[in-house]
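Inspection log for the structure reproduced underneath, given as structure tokens.
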Amino acid sequence: MSNHIIIYSHGFGVRADNRGMFTEIAAQFPAAEHIIFDYNKIDKAKKTVTVTPLDEQAKMLTDIFNQAKQDNPTAIIDIITHSQGGTIAAMAQLDARRTILLAPPLQILNSGDKVRYYLEHRPGAVVTDDMATIPRRDGTTTIIGADYWRSYNKIPDLTPLCNELAKLTKLTILVATEDEVVDEQDYSGLADDVKLIEIRSDHNFKDTARQEMIDIVKGIIDEPTSKKR
């Protein structure tokens with residue numbers, strides 16, 4: 001039975017470890033149990049990765065969180081997310097001790113056109129109104145179906161969801177000030193109990209920003225606090 005569990009929620013178009021970001025964070029907490037899982041449907045034989053609709057992702061995160069609580073009723077549970085993974089955490093509304101959103105898109109619809117533009121300009125990509133197929137360098141193909149885009153278009157401004165989430169968990173948002181993926185966001189509507197930390201970084205916290213981000217996350221998780229309910 002674990003005393004401390006950290007659950008990770010990865011972003012769009014990546015595998016469970018968020019291109020190594022989550023495993024690097026997890027290495028800072030050797031005593032904790034780490035739950036790193038994949039939202040997407042993977043067919044190894046066909047070498048395809050099908051992106052799961054957002055509402056289904058939120059249910060997956062909820063189920064994993066509830067199972068962890070059931071199996072470890074006295075454990076502290078924290079959630080760490082990146083990019084669209086923060087959208088999922090806001091939708092799920094889970095009462096973790098701490099929740100950290102790394103470079104989340106609060107005004108998600110503002111980034112929709114940018115996502116499509118990015119996908120359309122990937123080499124070999126085929127993008128229509130209903131589906132996108134994106135060949136990857138590792139030989140796999142990412143498939144984004146109409147059900148994903150329908151779920152995406154239902155998501156409102158996440159600010160109210162974040163404000164509600166902050167009533168359940170100690171919520172921190174790390175803002176990447178040089179984010180090239182997520183458009184400039186409006187944080188003015190966030191409640192006072194949502195903590196904002198700016199870091200000079202691109203969307204994926206590359207190069208020297210990676211260690212700075214990890215140090216901030218470690219400080220947040222290690223800060224003594226009572227479990228918020």
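Basis for what follows: all heavy atoms, side chains included, without hydrogens, waters or symmetry-related copies.
- Two residues are said to be in side-chain contact when any heavy atoms from C-beta on lie closer than 4.5 Å; Asp95 and Phe65 meet this criterion.
- Pairing each heavy atom of Thr81 with each of Ala89, the nearest pair is CG2-CB, 3.8 Å.
- Cluster membership check: Met131 does not share its hydrophobic cluster with Tyr152, using side-chain heavy-atom separations under 4.5 Å among Ile, Leu, Val, Met, Phe, Trp and Tyr.
- Between atom CD1 of residue Ile77 and atom CG of residue Leu94 there is a gap of 9.0 Å, rounded to the nearest 0.5 Å.
- No chain of hydrophobic side-chain contacts below 4.5 Å, direct or via other Ile, Leu, Val, Met, Phe, Trp or Tyr residues, connects Ile221 to Ile173.
- Tyr148 OH to Leu54 CG: the interatomic distance, rounded to the nearest 0.5 Å, is 5.0 Å.
- Arg210 is linked by a side-chain contact (heavy atoms from CB on, under 4.5 Å) to Met21, Glu24, Phe205, Met213, Ile214, counting only residues two or more places apart in sequence or in another chain.
- Side-chain atoms of Arg150 and Pro53, non-hydrogen and from C-beta on, never get closer than 4.5 Å to each other.
- Between the side chain of Thr169 and the backbone N or O of Ala96, at least one donor-acceptor pair lies under 3.5 Å.
- Here the CG atom belonging to Leu171 is positioned 8.0 Å from the CG atom belonging to Leu190, to the nearest 0.5 angstrom.
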Give the C-alpha distance, both sets of side-chain angles, the deciding distance and a yes or no for side chain to side chain donor-acceptor pair (under 3.5 Å) between Ser9 and Tyr39. CA-CA 8 Å; Ser9 178; Tyr39 285 122; 2.7 Å; yes

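- The two atoms that bring Leu168 and Gln93 nearest to each other are CD1-O, 3.5 Å, heavy atoms only.
- Here Ala32 pairs with His4, Ile6, Phe29, His34 under the side-chain contact (heavy atoms from CB on, under 4.5 Å) rule; sequence neighbours left out.
- Environment of NZ in Lys218: crowded, with over 12 heavy atoms of neighbouring residues, nucleotides or ligands closer than 6.0 Å.
- Side-chain atoms of Asn18 do not come within 3.5 Å of backbone N or O of Gly20 as any donor-acceptor pair.
- For the atom pair Lys59 NZ and Asn66 CG, the distance stands at 9.5 Å (nearest 0.5 Å).
- In terms of modelled atom types and a separation under 3.5 Å, the side chain of Gln107 and the main chain of Asp186 share a donor-acceptor contact.
- In plain terms, the two heavy atoms of Pro105 and Leu158 that are nearest each other are O-CD1, 3.3 Å.
- Val194 and Cys162 make their closest contact through CG2-O, 4.2 Å (heavy atoms, listed as atom of the first residue, atom of the second, distance).
- Lys195 is linked by a side-chain contact (heavy atoms from CB on, under 4.5 Å) to Thr172, Ile197, counting only residues two or more places apart in sequence or in another chain.
- For Lys170 and Glu223, the salt-bridge test fails: no basic side-chain N is under 4.0 Å from an acidic carboxylate O.
- Annotation: Asp192, atom CG; neighbour count of heavy atoms from other residues, nucleotides and ligands within 6.0 Å does not exceed 12.
- Between the side chain of Arg97 and the main chain of Ala75, no donor-acceptor pair closer than 3.5 Å is present.
- Using a distance-only test at 3.5 Å, with no hydrogens or angles considered, no donor-acceptor pair links the side chain of Asp78 to the main chain of Ile100.
- Hydrophobic clustering places Phe37 together with Ile79 (ILVMFWY residues linked when any side-chain heavy atoms are closer than 4.5 Å, directly or through intermediates).
- Heavy atoms only, all atoms of each residue included: Ala103 and Val182 are closest at O-CG2, 4.1 Å.
- By the rule that hydrophobic residues join a cluster once side-chain heavy atoms approach within less than 4.5 Å of another member, Ile25 and Val14 end up as members of separate clusters.
- A donor-acceptor contact shorter than 3.5 Å is absent between the side chain of Asn40 and the backbone of Arg15.
- The shortest side-chain heavy-atom distance between Asn204 and His82 falls under the 4.5 Å cut-off.
- Between Gln185 and Leu106, the closest heavy-atom pair is OE1-N, 2.6 Å.
- The environment of Asn3 atom CG is sparse: at most 12 non-hydrogen atoms of other residues, nucleotides or ligands sit within 6.0 angstrom.
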Candidate pair Phe12 and Thr87, rule side chain to side chain contact (heavy atoms under 4.5 Å, CB included), full reasoning: CA-CA 10 Å; Phe12 175 83; Thr87 304; over 6 Å; no

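- In this structure, the side chain of Asp207 does not engage the main chain of Ala209 through any donor-acceptor pair within 3.5 Å.
- The distance from atom CD1 of Ile5 to atom CG of Asp71, rounded to the nearest 0.5 Å, is 8.0 Å.
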Show, in sequence, the C-alpha distance, side-chain angles and deciding distance for Asp215 and Gln211, and conclude whether the side chain to side chain donor-acceptor pair (under 3.5 Å) test is met. CA-CA 6 Å; Asp215 290 343; Gln211 189 58 52; 2.8 Å; yes

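- Panel note: side chain Asp157, backbone Thr159; a donor-acceptor pair is recorded below 3.5 Å.
- If you chain together hydrophobic residues whose side chains sit under 4.5 Å apart, Ile216 and Phe22 fall into the same group.
- Asn72 contributes a side-chain N or O that, together with a main-chain N or O of Ser2, makes up a donor-acceptor pair within less than 3.5 Å.
- With rounding to the nearest 0.5 angstrom, the CG atom of Leu165 is 7.0 Å from the CG atom of Leu101.
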